Amino acid sequence: MRHCKVSYKWRKWSTSEQFKNDCRMYDTAPIFPIRYSIPKEKISRCYVSTLSRSIETAHAVFGNLESTSSSLLDEVPLTASIDTNIRLPLAFWNITGRLQWLFNCKRQKEPRKATLARARQAVDLLVKTNENCVVVTHGFFIHSLLKAMKERGFKFSKRSLNYANGECIVAESAR
């Protein structure tokens, strides 16, 4: 499941420092408390990232369900792709940062290779516990997680380029 919508308004244009600050502020902003449609299967545990938006989502959507927090499920960190005092559009920062991630550029805090390795570790944890669970994670990381799950033989209820906030994807082990 992707976390609930975050109550934060990004600047449309920003310098590199302003963009870095917006990223930090987004990571600590609260979520909008909205009800979401979740699968009806019995869930024994909730795995969440260490970021507040996924933890708040787990509490808002799943109540008192036992939860385990892990940095293995954190969003792929994003930082400014260049240092500049020139204000550039938000799309520039997002696209260039993710391209740097894709090509394993050291400017980004975590390269793609590291993200994929982390996603595989997360899947190993889920497979090892062998329980019907929910994972609350993030919009960009979810693609790496699903890729690692597919490598392990999981099947999905749906695949998308862009998962909406609060959207659930049901994954079933091939075993």
Side-chain angles (χ1 to χ4, degrees), residues 1-4 6 8 10 14-29 31 45-58 67-84 88 90-131 133-156 158-174:
M1 173 181 203
R2 184 177 178 195
H3 63 79
C4 296
V6 177
Y8 187 76
W10 289 82
S14 61
T15 66
S16 55
E17 278 306 310
Q18 290 171 329
F19 179 73
K20 288 177 195 175
N21 186 55
D22 279 351
C23 289
R24 283 190 295 273
M25 297 297 291
Y26 179 80
D27 280 347
T28 59
I31 60 167
R45 178 185 305 272
C46 181
Y47 291 91
V48 299
S49 83
T50 62
L51 297 172
S52 62
R53 59 189 178 268
S54 66
I55 295 168
E56 288 180 37
T57 297
S67 66
T68 301
S69 184
S70 174
S71 59
L72 292 174
L73 301 169
D74 285 354
E75 178 62 291
V76 178
L78 183 61
T79 192
S81 54
I82 60 171
D83 292 323
T84 182
L88 296 167
L90 179 59
F92 170 84
W93 296 115
N94 285 326
I95 292 168
T96 57
R98 292 310 186 198
L99 283 172
Q100 286 179 338
W101 169 84
L102 180 67
F103 292 108
N104 297 300
C105 178
K106 290 181 179 14
R107 178 133 181 120
Q108 294 303 312
K109 294 176 184 176
E110 180 181 72
R112 182 176 58 110
K113 288 178 186 175
T115 301
L116 294 173
R118 181 165 58 90
R120 288 180 184 114
Q121 285 181 290
V123 173
D124 289 345
L125 171 71
L126 298 173
V127 168
K128 181 180 174 185
T129 59
N130 193 31
E131 56 189 354
C133 63
V134 65
V135 175
V136 181
T137 190
H138 305 272
F140 194 78
F141 179 71
I142 206 165
H143 295 286
S144 298
L145 183 63
L146 293 178
K147 178 179 180 168
M149 292 176 91
K150 184 177 181 183
E151 289 172 359
R152 293 293 292 269
F154 280 80
K155 304 289 182 205
F156 308 102
K158 57 186 156 189
R159 293 296 296 256
S160 176
L161 289 176
N162 186 26
Y163 295 101
N165 292 104
E167 186 172 354
C168 288
I169 302 100
V170 176
E172 295 185 69
S173 176

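Just so you know, these numbers come straight off a predicted model, no measurement behind them. Just so it is clear, the values below take in all heavy atoms, side chains as well, and ignore hydrogens, waters and symmetry mates.
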Original post:
Would a 4.5 Å heavy-atom cut-off, applied to side chains only, mark Val135 and Leu126 as touching?
Top reply: yes
**OP:** Heavy atoms only: give me the nearest Ala58-Cys46 pair and the separation to one decimal.
**Re:** CB-SG, 3.7 Å
Subject >> Trace of the side chain to side chain donor-acceptor pair (under 3.5 Å) decision for Trp101 with Thr115 >> reply: CA-CA 9 Å; Trp101 169 84; Thr115 301; 2.9 Å; yes
Original post:
Got a second to check how far Leu116's CG is from Gln121's CD, nearest 0.5 Å?
Top reply: 11.5 Å
**OP:** Any chance you could measure Phe19, atom CZ, to Tyr26, atom OH, to the nearest 0.5 Å?
**Re:** 11.5 Å
**OP:** Report yes or no: does Thr57 contribute a side-chain atom to a donor-acceptor pair with the main-chain N or O of Cys4 at less than 3.5 Å?
**Re:** yes
Original post:
Any side-chain heavy atom of Tyr163 sitting closer than 4.5 Å to one from Leu146?
Top reply: yes
Original post:
Which pair of non-hydrogen atoms, one from Val6 and one from Ala29, has the smallest distance, and what is that distance?
Top reply: CG1-CB, 3.6 Å
**OP:** For Glu75 and Phe140, indicate whether the former's side chain and the latter's backbone hold a donor-acceptor pair under 3.5 Å.
**Re:** yes
Original post:
Counting N and O atoms only, with roles assigned by atom type, does the side chain of Arg2 sit under 3.5 Å from a partner on the main chain of Gly166, one being a donor and the other an acceptor?
Top reply: no
**OP:** Would you confirm whether Asp74, through its side chain, and Thr50, through its main-chain N or O, come within 3.5 Å as a donor-acceptor pair?
**Re:** yes
Original post:
Any chance NZ of Lys106 has more than 12 other-residue heavy atoms, nucleotides or ligands included, within less than 6.0 Å?
Top reply: no
**OP:** Kindly write out the residues that satisfy ring pair (Phe, Tyr, Trp, His ring centres under 6.0 Å) with Tyr47, not counting sequence neighbours, or none if the list is empty.
**Re:** none
Original post:
Pick one: which of Arg107, Gln108, Arg112 meets side-chain hydrogen bond (donor to acceptor under 3.5 Å, both in side chains) with Gln100?
Top reply: Gln108
Subject >> Whether Ser69 side chain and Ser49 backbone form a donor-acceptor pair below 3.5 Å >> reply: yes
Original post:
According to the salt bridge (Lys or Arg N to Asp or Glu O under 4.0 Å) rule, which pairs have a member within residues 117-131, sequence neighbours left out?
Top reply: Arg45-Glu131, Glu110-Arg118, Arg120-Glu151, Asp124-Arg152
Subject >> Salt-bridge criterion met for Arg53 and Glu56 (N-O under 4.0 Å) >> reply: no
Original post:
What distance do Asn94 atom CG and Cys23 atom SG have between them, rounded to the nearest 0.5 Å?
Top reply: 7.5 Å
Subject >> Approximate separation, where rounding is to 0.5 Å, of His143 NE2 and Asn162 CG >> reply: 6.5 Å
Subject >> Contact check, side chains of Thr84 and Leu88, non-hydrogen atoms, under 4.5 Å >> reply: yes
Original post:
Minimum heavy-atom separation for Ser54 to Val48, with atom names?
Top reply: O-CG1, 3.9 Å
Subject >> Residue pair Thr137 / Met1, side-chain heavy-atom distance below 4.5 Å >> reply: no
Original post:
In Å, rounded to the nearest 0.5 Å, how long is the span from CH2 of Trp93 to OG1 of Thr79?
Top reply: 9.0 Å
**OP:** Answer yes or no: is there a donor N or O on one side and an acceptor on the other, between the side chain of Asn104 and the main chain of Lys113, under 3.5 Å?
**Re:** yes
**OP:** Would you check if Tyr8 and Asp22 make a side-chain contact, meaning some heavy-atom pair closer than 4.5 Å?
**Re:** yes
**OP:** Please assess Phe156 against Met149 for the test side chain to side chain contact (heavy atoms under 4.5 Å, CB included), listing each intermediate value before the final yes or no.
**Re:** CA-CA 9 Å; Phe156 308 102; Met149 292 176 91; 3.8 Å; yes
Original post:
Hey, what do you get for CD1 (Ile169) to NZ (Lys158), rounding to the nearest 0.5 Å?
Top reply: 6.5 Å
**OP:** Just say parallel, tilted or perpendicular for the rings of His138 and His3, cut-offs at 30° and 60°.
**Re:** tilted
**OP:** Not counting sequence neighbours, which residues clear ring pair (Phe, Tyr, Trp, His ring centres under 6.0 Å) with Phe154? List them please.
**Re:** none
**OP:** Return the minimal non-hydrogen interatomic distance between Gly97 and Leu78, and the atom names on each side.
**Re:** CA-CD1, 3.6 Å
